[in-house]
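Below is one structure, written out as structure tokens; the observations come after it.
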Amino acid sequence: EGYCSPSGPIESTHCLYETVESLNHDLFPSLHELVTYPFFKHYKVDLFKECPFWYENGFCMNRNCGVEEANEEDIPEKWRQKALSEIKVSSAENEGVSGCYFKEQDFCYVEDDADQNGQYVDLTLNPERFTGYAGDSAHNVWRAIYEENCFGLSEASLSEYSKSTSSNALSPSGGLGGSKKKEITNAVLGAGGISRSSGQGEVPGWGFSKLSEGWGTEMVKSNLGGADDGLCEEKKVYYRVISGLHASISIHICSEYLDQTTGEWAPNLDCFISRLATHPERLSNVYFNAVLVLRAVARAAPYLRAYDIATAPTLGSGVKAGRESDKLAKTAFDKVLSLAGQGGMDKGFDEGDFFIGEDAPILKEQFKTHFRNVSRIMDCVGCDKCRLWGKLQVSGIGTALKILFELDDKALDPKINPDLLQRSEVVALFNTLHRISESLAAVEEFRKIYAATQEEE
Ligand code: FAD
């Protein structure tokens with residue numbers, strides 16, 4: 001209980017599902033608080049870049065797609081344009097480390113506080129939830145991500161993707177017949193929920209192994225015509241990261257769904273069943289992303305503890321309140337950093353298992369190139385709010401990958417490399433972890449909602 005077994009069953013990790021769930025009971029409230037502080041809630045992002053891959057006219061007319069920009073006067077003074085350009089010059093000179101050195105390591109396009117074209121967005125005013133964005137434009141983006149940018153996995157995604165591209169987001173259909181669908185839903189959401197662990201090698205408590213042997217690799221296997229033997233771990237990781245991100249976005253859509261008849265926002269169980277519960281491998285990939293990002297946070301914790309997240313003004317009437325808020329933010333930040341390393345979670349994912357073979361350098365370059373492409377594909381998302389959260393989360397995962405696969409402990413030393421991560425990367429990393437953590441909490445909520453419907457029956 002409460003620790004990571006080395007043979008734990010989240011594929012490609014050393015963690016048990018119930019370890020992640022139990023940690024999340026503490027982590028989620030702390031993260032939920034953390035992302036409300038000024039350092040973490042303000043994100044500068046360029047939402048008006050052209051889609052570099054195709055002509056995108058996916059202008060989402062729905063007002064839920066809109067993004068509310070932050071007021072200039074609410075932006076902490078130290079980030080404002082003038083101050084920023086000063087900082088940039090001096091840090092480049094002092095460190096003597098070329099900006100390219102870090103760019104080279106990036107797994108994604110990194111938004112920059114100093115970018116003239118970006119707009120500051122207050123993330124708390126723009127929750128990720130149902131927007132109504134769907135249809136061809138959304139499918140084109142997902143298809144591009146899966147088909148064109150999963151190296152060696154285009155068939156995998158094609159197969160999973162093509163199963164239900166015709167399904168309509170607003171009328172959950174799912175490709176499964178009634179009784180099978182019910183059976184799987186019961187297994188995932190029913191009495192033997194994830195937290196009730198079973199033995200090794202079996203998916204704990206989901207009961208799903210009864211229906212589909214070893215589904216952790218099942219999707220990759222079936223999608224490649226049963227031949228996943230040649231599929232290296234790095235490629236599986238890549239696929240899981242993308243599928244986990246997709247699944248996490250779907251969870252947020254389903255848990256904050258707009259009932260168009262009443263105009264109310266509420267969890268939509270049917271949506272969750274058709275998009276997630278009947279596809280447990282998608283859920284598994286969300287847990288995988290949790291382990292991966294937590295490991296990155298735990299690894300970078302010494303660096304992050306030294307990061308300046310203060311935003312209080314130096315002069316004027318807001319000094320006292322600003323300092324108080326900074327203190328609370330620092331306490332919440334330290335709590336999240338220590339939770340990320342708790343209960344063996346910091347060893348839940350071993351980056352040392354990856355990119356070690358003969359072709360490791362090529363594989364890593366491919367991995368990076370394709371993940372960078374995903375961040376560019378985000379400019380093709382035809383709904384501002386979806387694009388905002390898509391960009392942020394790709395950047396957050398990109399930052400995690402950079403910490404895990406590019407930076408050694410020396411590079412992560414705050415004394416040697418104080419400017420290693422830009423503010424936008426830190427903001428993206430923790431907001432992405434918050435998104436994932438909220439998704440895991442939502443899975444538990446859906447389990448309760450489902451149980452209530454079973455009692456009624
Ligand atoms: P989609 O989610 O579009 O999926 C298409 C196909 O991909 C499915 O039919 C299935 O075959 C496959 N698939 C689905 N999930 C997975 C998975 N986890 N792993 C592997 N394969 C999978 N809509 C909102 O309402 N709010 C948002 O904030 C939002 N953000 C978005 C961000 C991005 C980057 C993109 C591309 C889209 C976003 N959308 C958002 C749209 C949303 O993701 C769906 O595309 C839309 O709701 C239509 O859903 P769908 O049921 O047609 O299936």
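Remember, it's a predicted structure, so these values are computed and weren't measured experimentally. Below, each value reflects all heavy atoms present in this structure, side chains not excepted, and no hydrogens, waters or symmetry copies. One-based numbering along the sequence shown. Order of appearance sets the numbers: ligands from 1, and atoms from 1 within every ligand.
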Apply side-chain contact (heavy atoms from CB on, under 4.5 Å) to residues Asn24 and Leu27 and explain how you reach the verdict. CA-CA 5 Å; Asn24 201 45; Leu27 183 69; 4.1 Å; yes

Does Lys335 form a salt bridge (Lys or Arg N to Asp or Glu O under 4.0 Å) with Glu33? I'd like the steps, not just the answer. CA-CA 11 Å; Lys335 176 133 193 242; Glu33 180 191 334; over 6 Å; no

Could you please spell out the steps behind the ring-ring contact (aromatic ring centres under 6.0 Å, His included) verdict for His434 and Phe40? CA-CA 11 Å; His434 176 241; Phe40 292 96; over 10 Å; no

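In this view, Thr399 satisfies the side-chain hydrogen bond (donor to acceptor under 3.5 Å, both in side chains) rule with no residue, not counting sequence neighbours. With sequence neighbours excluded, the residues forming a side-chain hydrogen bond (donor to acceptor under 3.5 Å, both in side chains) with Glu444 are His25, listed by chain and number.
Contact annotation for Val141 and ligand 1: only side-chain heavy atoms (C-beta onward) come within less than 4.0 Å of the ligand. Contacts between Tyr146 and ligand 1 below 4.0 angstrom, taking non-hydrogen atoms only, involve the side chain exclusively.
The shortest heavy-atom distance from Arg143 to ligand 1 is not under 4.0 Å. Judged by the shortest distance from any of its heavy atoms, Phe130 lies inside the 4.0 Å radius around the atoms of ligand 1. Assignment of Met378 to the shell around ligand 1 is supported, since a heavy atom sits closer than 4.0 Å. For the pair Gly132 and ligand 1, a heavy-atom separation below 4.0 Å is found. In this structure, Arg275 is part of the shell of residues with a heavy atom less than 4.0 angstrom from ligand 1.
Taken to the nearest 0.5 Å, the CG atom of Asp74 stands 5.0 Å off from the CG atom of Asn71.
Selection from Cys386, Ser243, Cys271 by nearest heavy atom to atom 32 (C) of ligand 1 gives Cys386. Of the candidates His139, Lys385, His246, His246 brings a heavy atom nearest to atom 14 (C) of ligand 1.
For ligand 1, the atoms lying closer than 4.0 Å to a non-hydrogen atom of Ala247 are 18 (N). Taking a cut-off of under 4.0 Å to the non-hydrogen atoms of Glu128, the atoms of ligand 1 that pass are 28 (O). Taking a cut-off of under 4.0 Å to the non-hydrogen atoms of Ala138, the atoms of ligand 1 that pass are 45 (O). Atoms of ligand 1 found under 4.0 Å from any heavy atom of Ile249, numbered from 1 in the order shown, are 29 (C), 30 (N), 31 (C), 32 (C). Set against the non-hydrogen atoms of Val381, the atoms of ligand 1 under 4.0 Å away are 34 (C). The Thr131 neighbourhood of ligand 1 comprises atoms 23 (N), 24 (C), 25 (O), 26 (N), with distances under 4.0 Å to a heavy atom of that residue.
Sulfur-sulfur distance for Cys65 and Cys383: not below 2.5 Å, with no disulfide indicated.
In this structure, Arg129 forms no cation-pi arrangement with Tyr257, as its terminal cationic atom is not both closer than 6.0 Å to the ring centre and no more than 45° off the ring axis.
Below 3.5 Å of separation, one finds an N or O of Arg129 facing an N or O of ligand 1. For a threshold of 3.5 Å applied to N or O pairs, the pair formed by Tyr239 and ligand 1 contains no separation below that value.
In summary, the aromatic rings of Tyr43 and Tyr120 are positioned with their centroids too far apart to meet the 6.0 Å limit. Aromatic pair Phe333/Tyr37: ring centres not closer than 6.0 Å. Proximity of the aromatic rings of Tyr146 and His246 is defined here by a centroid distance below 6.0 angstrom, and this criterion is met.
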